[in-house]
*Asks:* 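Dropping the structure in here first, questions after.
For reference, positions follow the sequence shown, starting with 1. Being a predicted model, the structure only gives us computed values, none of them experimental.
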Amino acid sequence: MGAYYDEIEIEDMAWDAEKGVFHYPCPCGDRFEISRKQLANYEDVAICPSCSLIIRVIFDPLDFEDEPDEDEEEGESSVEEEDSESDGDEAFEDALENLKISEASAESQAVAATA
């Protein structure tokens with residue numbers, strides 16, 4: 001990649017929870033930005049959306065190694081998955097309660113199992 005405007009340590013950048021990015025002031029008046037997901041993917045270049053300047057972010061990749069694939073939506077979807085699993089369990093229990101086996105089919109299954 002081209003020349004960096006500067007090299008900045010991640011500790012010197014500010015976290016913007018609303019946008020989900022680390023940022024650092026750019027001389028143009030805007031901010032250099034890099035997301036946690038980019039850092040987890042070993043990307044070390046923060047860009048300014050308003051000009052062509054870029055900075056290199058110095059950080060320890062191991063600090064971002066365990067980041068979820070999807071930022072905040074990950075937590076929400078796992079809760080939904082747990083709900084859908086419990087709904088499936090309830091449907092299974094209901095099916096067992098409603099299951100009726102006649103004596104004739106039970107005997108034929110027992111004969112088939114012993115054969």
*Asks:* To the nearest 0.5 angstrom, please state how far the CZ atom of R36 sits from the CG atom of N41.
*Replies:* 13.0 Å
*Asks:* For a 4.5 angstrom cut-off between non-hydrogen side-chain atoms, does C28 reach L53?
*Replies:* no
*Asks:* Give me the one residue out of E7, M13, E43 that meets side chain to side chain contact (heavy atoms under 4.5 Å, CB included) with V57.
*Replies:* M13
*Asks:* Check step by step if side-chain contact (heavy atoms from CB on, under 4.5 Å) holds for C51 and C26.
*Replies:* CA-CA 9 Å; C51 70; C26 179; 3.6 Å; yes
*Asks:* I need the minimum non-hydrogen distance between I54 and A3, along with the two atoms involved.
*Replies:* CG1-O, 3.9 Å
*Asks:* Got more than 12 heavy atoms from elsewhere within 6.0 Å of OH, Y5?
*Replies:* no
*Asks:* Mind checking the OH-CG spacing from Y24 to D12? Nearest 0.5 Å is all I need.
*Replies:* 6.5 Å
*Asks:* How long is the straight-line distance from CG of D16 back to CD of E33, given to the nearest 0.5 Å?
*Replies:* 7.5 Å
*Asks:* How close do C48 and F32 get, heavy atom to heavy atom, and via which atoms?
*Replies:* N-CD2, 3.7 Å
*Asks:* So, taking the atom named NE2 in H23 and the one named CH2 in W15, what distance separates them when rounded to the nearest 0.5 Å?
*Replies:* 10.0 Å
*Asks:* Between CD1 of I34 and CD1 of I55, what distance do you get to the nearest 0.5 Å?
*Replies:* 8.0 Å
*Asks:* Could you grab the distance from atom CG of D44 to atom CD1 of I8, nearest 0.5 Å is fine?
*Replies:* 12.5 Å
